[in-house]
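Each chain gets a letter, A, B and so on, in the order its sequence line appears, and its residues count up from 1. On a predicted model such as this, the values are computed, not experimentally measured, just so you know.
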Amino acid sequence: LVTYTTLITGFCKLAKLDDAYDLLNRMSNAELTPDVVTFTSLMDGLCREDRLSDALHLLGEMRRRRCFPTVYTYNTILDGYCRANRLEEARKFMLEEMDCPPNVVSFNILIRGLCKAGRSTEAVEMVEEARRKSCLPDVVMYTTVIDGLCREKKVDEACRMYEKMLQESGCSPNAITYSTLIAGLCNAGMLDRAREFISRGCIPNTATYSLLIDTFRKAKRDEEARELLDDMISRGFSVV
RNA sequence: CGCCUAACUGCUU
C-alpha cells in the first residue's frame, strides 16, 4: 500500500494524473484499499490541474468509504480553492467544513492565497488571526507575508514584519527569508539596506549574493559590487 | 519510513 501510494504521489506531483489513476486501478486489482494518504495525494494532483470540483467529489467518495480525512486532506482542498482564486470559499471551508482544527499550514495556505491576489494587507491581519487560533506564526508564514508585501512595493512594512519575526519565539529567519527580503529591497532600489542584512547575521546563499551584486552593478556601483564578491569568496562560496 | 504551505533557478512554455 505504501509503495503504491508513494508512486501515486510521485505521479501526481509530476502532473501525470492518468498514470496515477492507472496505479489506483492496479491497486484494486491487487486487492489493496487506498487509504487517506492515497486519497489526499490524488486530491492534490487534481487540485494542481485546476480540478477542484473533482477533488471535492473524491472527498465525498472517501468519506462514503469510511476513510476519514485528516488536516492534510483539508489543507490540500484549501490550497485547491486558493489556486482557483476562490479565497472567500477557502476561508468558509476552513471555518465551516473542517472537522478538525486548522494548523499553521492551513493558515499559510490562505495567507499565500491572499498575497498572490495582491491582498497582502489582509494577509498581515491573518497572521494575528492564526495566533489567536493557537497557530503560532512560523518561518513560512512570515516569509510568505514578507514576499507578498515586497511584491506590492510595501517594502517598509515587509521590513517591519521581519523585525517582528525576530521577536517571535521559536521562529527565526532562514536563507529563503533573506533572499526574499533582499530581493524586495533590491527591486525597490534600497541597496544600502539590502547590504546591511548581508553584513549582519544573515545566512545568504549564492542566489542572494548574485542578485545583490547584479543590482549594485546596474546601479553603477561597481566598487561595492566588487566588495560583495570578495565578501562572498571569503565566506567560502565558490565563484565560477 | 508514504500525503499539504514560502523566495530564486530550471522544466512543463
Side-chain angles (χ1 to χ4, degrees), chain A residues 1-17 20 23-24 27 32 34-50 52 55 58-59 62 67-83 90 93-94 98 100 102-116 120 123 126-127 130 135 137-151 155 158 161-162 165 171-187 194 197 202-215:
Chain A
L1 171 62
V2 172
T3 309
Y4 273 107
T5 301
T6 306
L7 289 169
I8 287 174
T9 304
F11 280 127
C12 286
K13 284 194 196 299
L14 292 171
K16 300 245 175 224
L17 269 189
L23 274 174
L24 187 65
M27 270 179 84
L32 287 170
D35 69 1
V36 56
V37 178
T38 320
F39 281 117
T40 302
S41 291
L42 284 167
M43 286 165 50
D44 189 44
L46 289 167
C47 288
R48 287 179 199 279
E49 302 251 289
D50 282 316
L52 173 61
L58 198 56
L59 177 63
M62 71 183 270
C67 176
F68 298 102
T70 63
V71 67
Y72 281 73
T73 316
Y74 290 124
N75 286 345
T76 299
I77 295 290
L78 279 178
D79 201 37
Y81 275 111
C82 290
R83 298 181 116 87
F93 185 87
M94 185 173 85
M98 287 173 53
C100 61
N103 64 12
V104 65
V105 174
S106 320
F107 281 100
N108 287 347
I109 289 166
L110 292 188
I111 285 172
R112 163 130 203 277
L114 288 168
C115 288
K116 263 181 45 191
S120 61
M126 190 166 279
V127 171
C135 293
D138 65 0
V139 56
V140 173
M141 191 178 288
Y142 275 106
T143 304
T144 305
V145 173
I146 288 170
D147 185 52
L149 289 167
C150 288
R151 286 180 200 275
V155 184
M161 287 305 289
Y162 169 76
M165 179 178 189
C171 171
S172 39
N174 59 22
I176 297 183
T177 315
Y178 284 112
S179 67
T180 303
L181 191 53
I182 286 172
L185 290 165
C186 285
N187 290 333
F197 280 103
C202 141
I203 323 146
N205 54 27
T206 307
T208 309
Y209 264 120
S210 305
L211 172 67
L212 197 52
I213 290 169
D214 206 47
T215 311

Nucleotide N/O of nucleotides 8-13 of chain B paired with protein N/O under 3.5 Å:
{"residue": "C8(B)", "atom": "OP1", "partner": "R151(A)", "partner atom": "NH2", "Å": "2.6"}

Regarding S106(A) and N103(A), is there a side-chain donor-to-acceptor distance under 3.5 Å anywhere? yes

For N174(A) and T177(A), what are the C-alpha separation, side-chain angles and deciding distance, and is it a side-chain hydrogen bond (donor to acceptor under 3.5 Å, both in side chains)? CA-CA 5 Å; N174(A) 59 22; T177(A) 315; 3.0 Å; yes

If the C1' atom of A7(B) is compared with that of C3(B), how far apart are they to the nearest Å? 24 Å

side-chain hydrogen bond (donor to acceptor under 3.5 Å, both in side chains) between T38(A) and D35(A), worked out: CA-CA 5 Å; T38(A) 320; D35(A) 69 1; 2.9 Å; yes

K13(A) versus T9(A): any side-chain heavy-atom pair under 4.5 Å? yes

Mind calculating the distance between NZ (K116(A)) and P (U5(B)) to the nearest angstrom? 12 Å

Can you tell which of V71(A), I77(A), D79(A) makes a side-chain contact (heavy atoms from CB on, under 4.5 Å) with N75(A)? V71(A)

Enumerate the residues from residues 70-79 of chain A whose closest heavy atom to RNA chain B is under 4.0 Å, giving them by residue number; use none for an empty result. Y72(A), N75(A), T76(A), D79(A)

Separation of U5(B) C1' from L114(A) CG (nearest whole Å): 13 Å

Distance flag, aromatic centroids of Y72(A) and F39(A), threshold under 6.0 Å: no

Checking all strands, does T143(A) fall into the base, sugar-phosphate, or nothing category for heavy-atom contacts under 4.0 angstrom? base

When every non-hydrogen atom of C115(A) is compared with those of A123(A), the smallest separation belongs to SG-CB, 3.7 Å

Quick one: which of A6(B), C4(B), G2(B) gets closest to the side chain of I176(A)? A6(B)

Check whether any side-chain heavy atom of D147(A) sits under 4.5 Å from a side-chain heavy atom of R151(A), and report yes or no. yes

L42(A) CG to G2(B) C1': how many Å, rounded? 13 Å

Heavy atoms of M43(A) and T76(A) approach each other most closely as C-CG2, 3.8 Å

Please work out if T6(A) contacts a base, only the sugar-phosphate, or nothing of the nucleic acid, heavy-atom cut-off 4.0 Å. sugar-phosphate

For a quick check, tell me whether the side chain of D138(A) and the base of A6(B) share a donor-acceptor pair closer than 3.5 Å. no

note: M62(A), atom CE; C4(B), atom P; distance rounded to Å ~ 14 Å

Please give the distance between the C1' atoms of U9(B) and U13(B) as a whole number of Å. 16 Å

Let's test your reading of the model: under 3.5 Å, does the base of G2(B) pair with the side chain of T5(A) as donor and acceptor? yes

Please report, rounded to the nearest Å, how far the P atom of U5(B) is from the CZ atom of R83(A). 7 Å

If we take the C1' atom in both U5(B) and C1(B), what is their distance in whole Å? 22 Å

Is the shortest side-chain heavy-atom distance between F197(A) and L185(A) below 4.5 Å? yes

Assess the residue pair V105(A) and I109(A) against the criterion (side-chain contact (heavy atoms from CB on, under 4.5 Å)); give the C-alpha distance rounded to whole Å, side-chain angles, the decisive distance to 0.1 Å, and a yes or no. CA-CA 6 Å; V105(A) 174; I109(A) 289 166; 3.9 Å; yes

From CE of M141(A) across to C1' of C4(B) the rounded distance in Å is 14 Å

Near RNA chain B, counting only heavy atoms under 4.0 Å, which residues of residues 105-113 of chain A show up? V105(A), N108(A), I109(A), R112(A)

For the pair made of CG in L58(A) and P in C3(B), what is the distance, rounded to whole Å? 18 Å

How many whole angstroms separate atom CG of L59(A) from atom C1' of C3(B)? 14 Å

Please tell me if R48(A) has a side-chain N or O lying less than 4.0 Å from either OP1 or OP2 of U5(B). yes

Show the nearest heavy-atom pair for residues C150(A) and A158(A), with the distance to one decimal. SG-CB, 3.7 Å

